[in-house]
Amino acid sequence: MKLPALAVLIATAFTAEVAAQSIDTIFAEVGHSAIDGRLMKPHAARVRVYRGDTLTSQWLNELTIGDSAGQPIMRWVTTSEPVPGFPGRVLSVLRQTYNARTLAPLGYSTTASNGAFVRVAIDGRFVTGTRRTAVDTTTIRVRDPIPRLGFFAGASDLVPIAAGLRHGSVMVAPVWNPLNAGMTEDRVFTVRGDTAVMVEGRLVRSTQVEEWRRTNGTLYATWYLLLESPYMVYGELPLPDGRVQRITEVEVPPRKP
């Protein structure tokens, strides 16, 4: 069978499966009542990324919960850490702020060791702030309209968690990158059920969730998720070259202030 025909067959089967489960399908724009991230509690976890058996990057995720003008918010701080095999890798600190219930993005700030930075606020209609790449000599002002707001693409695994990981459920939700405010893509999250997965040498019971691109029916990632810390314990992302990128996450003690 030729590859284009195979791709059509896979996409057709995927669409048929979603249609068959339409009774359980939720179309969740940002603000939908099915999403409630307040189940997530403060914690810290170490994330490791592998290609094959090679550790390519790792970082520390820290979640704190707060309040802003009466609005419950969650603040995520992601601090990249050096890995032995890639001593020259650029390190960065990423700070993201969401509405704690809806997961609506409110702020995005990253600072890299090569001098690059992005600092933007998100009000649902515009992304506003400043940025500078490693080769820029001046700071660039940002004010980009948002045609359709989505959940942060880099934290898409939080969406099915905030929806409760109900077995058999299917959710269609938009994902979005604040660095490209005009590009919003629908993803389909299918909750398969409970399974066990090996995470850094330990067997962990979790819920398997597939994340598909709705536009072409291709698999973006398979996640293994919990309703308790660290929430995402394992993930597999197919790569264009046929390999699989593996991601592990293990809870660690929070850093002292």
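How far CG of Asp144 is from OG1 of Thr128: 8.0 Å, rounded to the nearest 0.5 Å. Interatomic distance, CZ of Arg205 versus CG of Asp194, reported as 5.5 Å (0.5 Å rounding). The distance from atom CG of Leu149 to atom CH2 of Trp176, rounded to the nearest 0.5 Å, is 6.0 Å. With rounding to the nearest 0.5 angstrom, the OG1 atom of Thr130 is 4.5 Å from the CZ atom of Phe117. In this structure, Arg243 CZ and Glu236 CD are separated by 14.0 Å, a value rounded to the nearest 0.5 Å. Taking CD1 of Ile140 as the start and CZ of Arg131 as the end, the distance is 4.0 Å to the nearest 0.5 Å.
Nearest heavy-atom pair across Ala134 and Ala116 is N-CB, 3.7 Å. When every heavy atom of Leu94 is checked against every heavy atom of Gln96, the shortest pair comes out as CD2-NE2, 3.3 Å. Considering all non-hydrogen atoms of both residues, Arg75 and Gly66 come closest at NH1-CA, 4.0 Å. The two residues Pro147 and Ala181 make their nearest non-hydrogen contact at CD-O, 3.6 Å. Smallest separation of non-hydrogen atoms from Leu63 and Lys41: CD2-O, 3.3 Å. Among all heavy-atom pairs drawn from Asp67 and Pro72, the shortest one is OD2-N, 4.3 Å.
Tracing side-chain contacts under 4.5 Å through hydrophobic residues (I, L, V, M, F, W, Y), one reaches Ile26 starting from Phe151; they form part of the same cluster. Tyr220 and Tyr224 fall into different hydrophobic clusters, where Ile, Leu, Val, Met, Phe, Trp and Tyr residues are linked whenever their side-chain heavy atoms come under 4.5 Å apart, directly or through other members. Linking Ile, Leu, Val, Met, Phe, Trp and Tyr residues whenever their side-chain heavy atoms come within less than 4.5 Å leaves Tyr231 and Val175 in two separate clusters. Note on Val30 and Leu39: same hydrophobic cluster, where clusters join Ile, Leu, Val, Met, Phe, Trp and Tyr whose side-chain heavy atoms are under 4.5 Å apart, directly or indirectly. Taken together through direct or relayed side-chain contacts under 4.5 Å among Ile, Leu, Val, Met, Phe, Trp and Tyr, Leu226 and Val199 form part of one hydrophobic cluster.
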Does Val172 form a side chain to side chain contact (heavy atoms under 4.5 Å, CB included) with Arg214? I'd like the steps, not just the answer. CA-CA 8 Å; Val172 180; Arg214 192 184 185 200; 3.9 Å; yes
Met171 and Val188: CA distance, side-chain angles, deciding distance, side chain to side chain contact (heavy atoms under 4.5 Å, CB included) verdict: CA-CA 6 Å; Met171 173 173 286; Val188 181; over 6 Å; no
Going through the distances and angles, do Met40 and Leu227 end up as a side chain to side chain contact (heavy atoms under 4.5 Å, CB included)? CA-CA 8 Å; Met40 286 176 253; Leu227 292 177; over 6 Å; no
Decide side chain to side chain contact (heavy atoms under 4.5 Å, CB included) for Arg89 and Ser57; before the verdict, give the C-alpha distance in whole Å, the side-chain angles of both, and the deciding distance to 0.1 Å. CA-CA 9 Å; Arg89 190 170 65 92; Ser57 60; 3.6 Å; yes
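For Arg246 (side chain) and Val49 (main-chain N/O), no donor-acceptor pair under 3.5 Å exists by modelled atom type. Side chain of Asn180 to backbone of Asn177: no donor-acceptor contact under 3.5 angstrom is found. In this structure, the side chain of Ser113 engages the main chain of Leu91 through a donor-acceptor pair within 3.5 Å. Between the Asp36 side chain and the Arg38 main chain, a donor and an acceptor come within less than 3.5 Å of each other. Trp223 places no side-chain N or O within 3.5 Å of a backbone atom of Met232 that could act as its donor or acceptor partner.
Residues Val127 and Ile146 have side chains in contact (heavy-atom distance under 4.5 Å, counting atoms from C-beta outward). Using a 4.5 Å heavy-atom threshold, the side chains of Val170 and Phe189 count as separate. By the 4.5 Å heavy-atom criterion applied to side chains, Pro160 and Leu165 are counted as neighbours. Within the 4.5 Å cutoff, no side-chain heavy atoms of Val250 are placed close to those of Tyr234. The side-chain heavy atoms of Val209 and Thr222, taken from C-beta on, include no pair separated by under 4.5 Å. You'll find the side chain of Thr102 stays beyond 4.5 Å of the side chain of Ile35, heavy atoms only. Residues Gln208 and Glu210 form a side-chain contact, since some pair of their non-hydrogen atoms from C-beta on lies under 4.5 Å apart. For the pair Tyr50 and Thr56, the minimum side-chain heavy-atom distance is 4.5 Å or more.
For Arg187, the side chain to side chain donor-acceptor pair (under 3.5 Å) partners are Glu185, Glu211, not counting sequence neighbours.
With a 6.0 Å radius and a threshold of 12 heavy atoms from other residues, nucleotides or ligands, Met183 has its CE atom at or below the threshold. Applying the 6.0 Å contact sphere to CG of Asp241 captures more than 12 heavy atoms from other residues, nucleotides or ligands. Remark: Arg101 CZ is packed, more than 12 non-hydrogen atoms of other residues, nucleotides or ligands lying under 6.0 Å away.
Counting only N and O atoms by type, the side chains of Thr184 and Arg148 include no donor and acceptor under 3.5 Å apart. His43 and Asn61 form no side-chain donor-acceptor contact under 3.5 Å, judged by distance and modelled atom types alone.
Of the residues listed (Glu200, Glu81, Glu249, Glu251), the one engaging Arg46 in a salt bridge (Lys or Arg N to Asp or Glu O under 4.0 Å) is Glu81, and it is the only one.
With a 6.0 Å cutoff to the six-membered ring centre and a 45° limit on the axis angle, Arg143 counts as a cation-pi contact of Phe126.
Using cut-offs of 30° and 60° for the angle between ring planes, the Trp76 and Tyr98 rings count as tilted.
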